[in-house]
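Notes to accompany the following structure.
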There are 2 protein chains.
Amino acid sequence: MDKPVATTRIQKRNVSIISEAALEVFSTYGFRGATVDQIAREAGLSKPNLLYYFPSKEAIHSHLLTTLMDVWLAPLRDLDASGEPLEEVLAYVRRKLELSRQRPRESRLFANEIVQGAPHILELLSTELKDLVDEKAAVIAGWMDAGRLAKAHPYHLIFSIWSLTQHYADFDVQVRAVLGPKVKDPTREAGEYLEVLFTRMLKVD
Amino acid sequence: MDKPVATTRIQKRNVSIISEAALEVFSTYGFRGATVDQIAREAGLSKPNLLYYFPSKEAIHSHLLTTLMDVWLAPLRDLDASGEPLEEVLAYVRRKLELSRQRPRESRLFANEIVQGAPHILELLSTELKDLVDEKAAVIAGWMDAGRLAKAHPYHLIFSIWSLTQHYADFDVQVRAVLGPKVKDPTREAGEYLEVLFTRMLKVD
DNA sequence: GCCGCATTTGACCAAAAGGTCAAAGCCACG
DNA sequence: CGTGGCTTTGACCTTTTGGTCAAATGCGGC
């Protein structure tokens with residue numbers, strides 16, 4: 001299940017090459033759809049060599065998922081209870097959207113996993129993820145109670161931020177198909193739109 | 001690629017049984033992750049019998065996607081240019097959310113397909129889907145120009161409705177993991193939240 | 001109740017997939 | 001510059017998978 005503890009220089013390099021290749025392949029085809037041969041080819045290694053660094057396909061996948069979970073949650077972690085409420089939420093939206101733009105493969109990796117019922121990380125969702133959301137939802141609820149933010153369901157507010165920002169990574173092909181080839185950077189337009197959306201939603205008059 | 005023209009009673013019944021089973025399996029495991037044996041088992045048929053009705057796994061999948069596309073777009077089709085703008089948009093949101101609640105498998109079928117780059121329906125997205133969205137975005141833009149709806153990017157408004165409503169079907173396990181077992185019907189809460197969100201977003205003062 | 005066509009199936013096949021293994025190659029350190 | 005452990009690989013194994021086929025079964029109209 002675990003990656004070997006990378007001690008030597010070669011180990012570090014190869015574990016990282018494999019992770020990169022696996023991210024590419026898993027995010028495109030999902031767990032079941034990806035093949036070890038494909039990952040090995042992408043990494044420029046032979047299959048037995050790849051399996052020398054990770055004991056199984058599952059192990060690579062779960063290594064990716066757990067490693068990237070932190071990256072994925074960082075923007076929410078950075079939501080600062082002592083900041084100015086509306087600006088804090090908007091900054092969170094911006095960070096999350098930026099992450100979607102810069103790391104669409106990570107977004108799709110999680111999307112594939114969760115759409116298919118999160119068989120490999122269900123545990124993490126109801127512990128690490130839930131705990132963090134509980135904490136931040138409480139912060140947001142506090143701001144609302146204090147009249148510093150318009151009232152709304154804090155959990156669903158967070159869900160809506162996830163949903164909207166990740167949409168532009170996960171459903172990229174659909175967004176581009178609908179907007180047509182003229183729009184070069186859908187995510188930039190999205191940024192402007194989301195700024196407006198959450199401002200109107202949360203600003204206290 | 002196509003399902004056989006179902007003429008006899010038995011053909012109609014079996015094509016429909018297979019479609020139902022395939023929807024269940026494809027929506028859970030994605031195209032590559034689903035197996036023909038699995039679909040056959042779910043349908044209560046032998047594999048060769050199933051392949052008597054559809055020439056290949058691909059054929060079943062693309063039959064589902066094209067058949068269900070209409071169902072999926074119906075709520076948007078029903079957006080009525082002659083209705084009251086805000087109420088029309090809110091009604092659209094309600095219809096779409098209701099569809100997510102009642103047909104989550106269809107939602108996940110499309111989600112799987114699109115997250116993986118829409119290899120089987122890219123064509124449909126840039127024709128049928130794009131045409132419909134172009135038409136309805138124009139209606140919405142018209143309302144905004146007439147001052148009957150607060151201004152916002154019409155295409156991204158539609159994307160945000162898709163994103164938010166489908167989130168509760170596609171990411172159901174995540175939503176439930178975060179909300180905990182006490183919340184029995186996340187989609188109901190979501191309905192109230194989305195009503196507020198789009199009202200604040202679109203209402204003209 | 002018989003015929004022809006629709007339907008069903010067990011047995012089979014080739015390709016692809018995850019994974020193993022023993023042997024060979026390579027590198028670093030004494 | 002040789003040795004011991006790290007790294008790499010070709011060959012191989014088993015299981016799974018999509019798909020085929022000839023033969024058997026069943027159904028509806030005459």
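Chain A is the first sequence line, chain B the second, and so forth, proteins listed ahead of strands; every chain is numbered from 1. We use all heavy atoms of the structure for the numbers below, so side chains are in, but hydrogens, waters and symmetry mates are not.
In this view, A:Glu84 satisfies the salt bridge (charged side-chain N to carboxylate O under 4.0 Å, His left out) rule with no residue, not counting sequence neighbours. Under the side-chain contact (heavy atoms from CB on, under 4.5 Å) criterion, A:Val133 pairs with A:Leu76, A:Leu129, A:Tyr155, A:Ile158, A:Trp162, B:Val178, sequence neighbours left out. Scanning for side-chain contact (heavy atoms from CB on, under 4.5 Å) contacts around A:Gln102 gives A:Glu98, with sequence neighbours left out. A:Asp37 meets the side-chain contact (heavy atoms from CB on, under 4.5 Å) test with A:Thr35, A:Arg41, A:Lys47; sequence neighbours excluded. Residues passing the salt bridge (charged side-chain N to carboxylate O under 4.0 Å, His left out) test with A:Glu42: none are found, sequence neighbours excluded. Under the side-chain contact (heavy atoms from CB on, under 4.5 Å) criterion, A:Pro186 pairs with A:Val175, A:Arg176, A:Leu179, A:Val183, not counting sequence neighbours.
Under 4.0 angstrom from either OP1 or OP2 of D:dT8 there lies no side-chain N or O belonging to A:Tyr52. Contact annotation: B:Tyr53 reaches the phosphate of C:dT8 (side-chain N/O to OP1 or OP2, under 4.0 Å). Taking side-chain N and O atoms only, B:Gln11 has no distance below 4.0 Å to OP1 or OP2 of C:dA6. Phosphate proximity of C:dA6 to B:Asn14: absent, as no side-chain N or O sits under 4.0 Å from OP1 or OP2.
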Step-by-step side chain to side chain contact (heavy atoms under 4.5 Å, CB included) determination, A:Thr127 to A:Glu123:
CA-CA 6 Å; A:Thr127 54; A:Glu123 191 63 19; 4.2 Å; yes
Check against side-chain hydrogen bond (donor to acceptor under 3.5 Å, both in side chains), A:His156 and B:Glu189
CA-CA 8 Å; A:His156 290 275; B:Glu189 294 184 359; 2.7 Å; yes
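Each of A:Thr165, A:Thr187, A:Asp185 was compared with A:Arg101 under the side-chain hydrogen bond (donor to acceptor under 3.5 Å, both in side chains) criterion, and only A:Asp185 meets it.
What separates CD1 of A:Ile39 from P of C:dA16 is a distance of 18 Å, to the nearest Å. When the P atom of D:dT7 is taken as reference, atom CD1 of A:Ile17 falls 13 Å away, rounded to whole Å. Remark: P of C:dA17 and CD of A:Glu58 are 17 Å apart, rounded to the nearest angstrom. Atom CZ in A:Arg13 sits about 14 Å away from atom P in C:dC26, given to the nearest Å. Atom CZ in A:Phe54 sits about 15 Å away from atom C1' in D:dT7, given to the nearest Å. Spacing between atom CD1 of A:Ile60 and atom C1' of C:dG18 amounts to 11 Å, rounded to whole angstrom units. In this structure, A:Arg32 places its CZ atom 15 Å from C1' of C:dA16, rounding to the nearest Å. For the pair A:Lys12 NZ and D:dT7 C1', the interatomic distance rounds to 17 Å; values are reported in whole Å.
Between the side chain of A:Glu88 and the backbone N or O of A:Leu79 there is no donor-acceptor pair closer than 3.5 Å. A donor-acceptor contact shorter than 3.5 Å is absent between the side chain of B:Lys203 and the backbone of B:Ala150.
The stretch residues 21-31 of chain A does not touch DNA chain D, since none of its heavy atoms comes less than 4.0 Å from the strand. Contacts of residues 42-50 of chain A with DNA chain C (heavy atom under 4.0 Å): A:Lys47, A:Pro48. Applying a 4.0 Å cut-off to non-hydrogen atoms, none of the residues of residues 108-123 of chain B approaches DNA chain D.
Map A:Thr35 and A:Leu51 each onto its nearest nucleotide of DNA chain C; the residue landing nearer the 5' end is A:Thr35.
For the ring pair (Phe, Tyr, Trp, His ring centres under 6.0 Å) condition, the pairs that include at least one residue of residues 112-134 of chain B, sequence neighbours left out, are B:Phe31-B:His120, B:His61-B:His120. Evaluation of the ring pair (Phe, Tyr, Trp, His ring centres under 6.0 Å) test over residues 74-99 of chain A, restricted to residues two or more places apart or in two chains, returns none.
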Given protein heavy atoms under 4.0 Å, the one-letter contact record of nucleotides 22-30 of chain D, with B base, S sugar-phosphate only and - none, is simply ------S--
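Residue-level contact check: A:Ala34 touches the backbone only, with heavy atoms under 4.0 Å from sugar-phosphate atoms and none from bases.
Under a 4.0 Å N-O distance rule, the pair A:Arg108/A:Glu24 does not qualify as a salt bridge.
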